[in-house]
Amino acid sequence: MVRERRMAYLRRAMRPNLAFALAAAAALASCSGRPDARSREEAFAGHPSERPQAFDFARPAEALRLGAGEIAARAGSFAWEGEASWTVARGPTPPLPTTERHRLRQLATGEFEVASEIDPGLGPGSETGRDVVYSGGMTYARNRWAPWRERPTDRGRDARRQRDDSFRLAGSIADLAGPALAVQAGGEVTALGRRARRYVLSLSGALPTDPPPPPGLPASGLDPDTRRRLDFLGGRVPTALAGELLLDAATGAPLAVRLSAVFTERADPQLRAEVTVSAHVTALGAAVPAVRAPGNALADERKPKGVARALEAAGLRRRSDRGAAEPEEDEAGDEEPSR
């Protein structure tokens, strides 16, 4: 019973996926009600936002917000691994740890493969995850316990979102910290055989700005989970922060990052959220294996087959007065009833 109460509070405080922090912060800061035609084109094409621009080393923390496609356009194909662990507790309640592990292969050609695993700390069988492949213009996806399926209507849009939610692990924490994140140059080092600029991450003492409420929310009557998340995002207070960032000296691509932070809440000082992120590029260029489509992917299936078709599969095919008839489907994907 104690564990169930701890998990319930954990879900209310923060969704068990670190990418939610970035998504919620972005929604609170700049969500618009309806994208225009150009935004839709870019969402489906994915290319305009991934065109590289000269990196400004005067703002090194911006590297944490770059997407994987833009990094590949800057530095070429790369393989990457990241892990995040966090706990949320209030007062004497023992914290319940959650761990996320992410792996990514991003090719300079635009194809990629990303795998995410989440362990909510509830023991064997509670782990969840999702794998996504974008290859040959087709998205393939599966949940941890499900088979691969084609997603032809995705056009890579949701696949890129899943990819960058994983890749921007440290960026989500940087967004939560806001101006409380201080970055200082720490000299030069070598990483993966490349010259890299090192930066030390610390707590500046400044408070993050309160984000405006996202549009479309009702004036009252928010459900408890939404209210709890908005309270945390709007009242978060960073109390500790430390880490290190290595940027490729030629392109500004983040080669490695380690970041730990502690947050509390102005209206609930007993709340304590601790987050640690560690991520690094493991291979570059020709050392990155090719991304291939799953060989056993099933076709996309958006419509249920219907009760009649299930009965037919069980050998219980319905007959009309005219004998066996071929099944017909209406627009909803179900068979027409026999007349």
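As the structure is a computational prediction, the values presented were derived from the model and not from experiment.
- Here the shortest heavy-atom pairing between Pro269 and Thr264 reads O-OG1, 3.2 Å.
- Taking each heavy atom of Ala159 and Tyr134 in turn, the nearest pair found is CB-CB, 4.5 Å.
- The backbone N or O of Thr251 lies less than 3.5 Å from a partner atom in the side chain of Arg74, making a donor-acceptor pair.
- Side-chain contact between Glu244 and Arg198 is present, with heavy atoms from C-beta onward closer than 4.5 Å.
- Among all heavy-atom pairs drawn from Ala297 and Glu150, the shortest one is CB-CG, 4.3 Å.
- Remark: side-chain polar atoms of Asp248 are not paired, donor with acceptor, to backbone N or O of Leu255 under 3.5 angstrom.
- No side-chain heavy atom of Glu127 sits under 4.5 Å from any side-chain heavy atom of Leu122.
- Taking all atoms of both residues into account, the shortest heavy-atom contact from Pro238 to Ala180 is CG-CB, 3.7 Å.
- Both the sub-6.0 Å distance and the 45° axial angle are satisfied by Arg197 relative to the ring of Phe57.
- Between Asp268 and Asp231 there is no side-chain heavy-atom pair separated by less than 4.5 Å.
- For the pair Arg236 and Phe263, the cation-pi test (distance below 6.0 Å, angle within 45°) is failed.
- Follow the hydrophobic side-chain contacts under 4.5 Å out from Val183 and you reach Val275 in the same cluster.
- Qualifying ring pair (Phe, Tyr, Trp, His ring centres under 6.0 Å) partners for Phe78, counting only residues two or more places apart in sequence or in other chains: Phe167.
- Annotation: the span from Ile118 atom CD1 to Arg101 atom CZ amounts to 11.0 Å, rounded to 0.5 Å.
- A salt bridge links Arg103 to Glu117: one of the charged nitrogens lies within less than 4.0 Å of a carboxylate oxygen.
- With Asn143 contributing its side chain and Trp145 its backbone, the two residues share no donor-acceptor pair below 3.5 Å.
- One distance of note links CG of Asp300 with CG of Leu298; it measures 10.5 Å at 0.5 Å rounding.
- Contact annotation: the side chain of Val132 never approaches that of Arg163 to less than 4.5 Å [non-hydrogen atoms, C-beta and beyond].
- The two residues Val133 and Ala293 come nearest to each other via the heavy atoms CG1-CA, 4.4 Å.
- Taking CZ from Arg65 and CZ from Arg168, the interatomic distance works out to 10.0 Å, rounded to the nearest 0.5 Å.
- Remark: the backbone N or O of Gly234 is paired with a side-chain donor or acceptor of Arg266 at under 3.5 angstrom.
- Residues Leu203 and Leu271 fall within the same hydrophobic cluster, defined by Ile, Leu, Val, Met, Phe, Trp and Tyr side chains chained together at heavy-atom separations under 4.5 Å.
- Between Met138 and Pro152, the closest side-chain pair of non-hydrogen atoms falls below 4.5 Å.
- Leu246 places none of its side-chain heavy atoms less than 4.5 Å from the side chain of Val257.
- Here the closest non-hydrogen pair linking Asp131 and Ser116 is OD1-N, 4.1 Å.
- No side-chain heavy atom of Thr282 sits less than 4.5 Å from a side-chain heavy atom of Trp80.
- Counting only heavy atoms from C-beta outward, the side chains of Phe232 and Leu230 never approach each other to under 4.5 Å.
- Each of Arg90, Arg229, Arg228 was checked for a salt bridge (Lys or Arg N to Asp or Glu O under 4.0 Å) with Glu265, and the lone residue meeting it is Arg228.
- Counting non-hydrogen atoms of neighbouring residues, nucleotides and ligands closer than 6.0 angstrom, the CZ atom of Arg144 exceeds 12 such neighbours.
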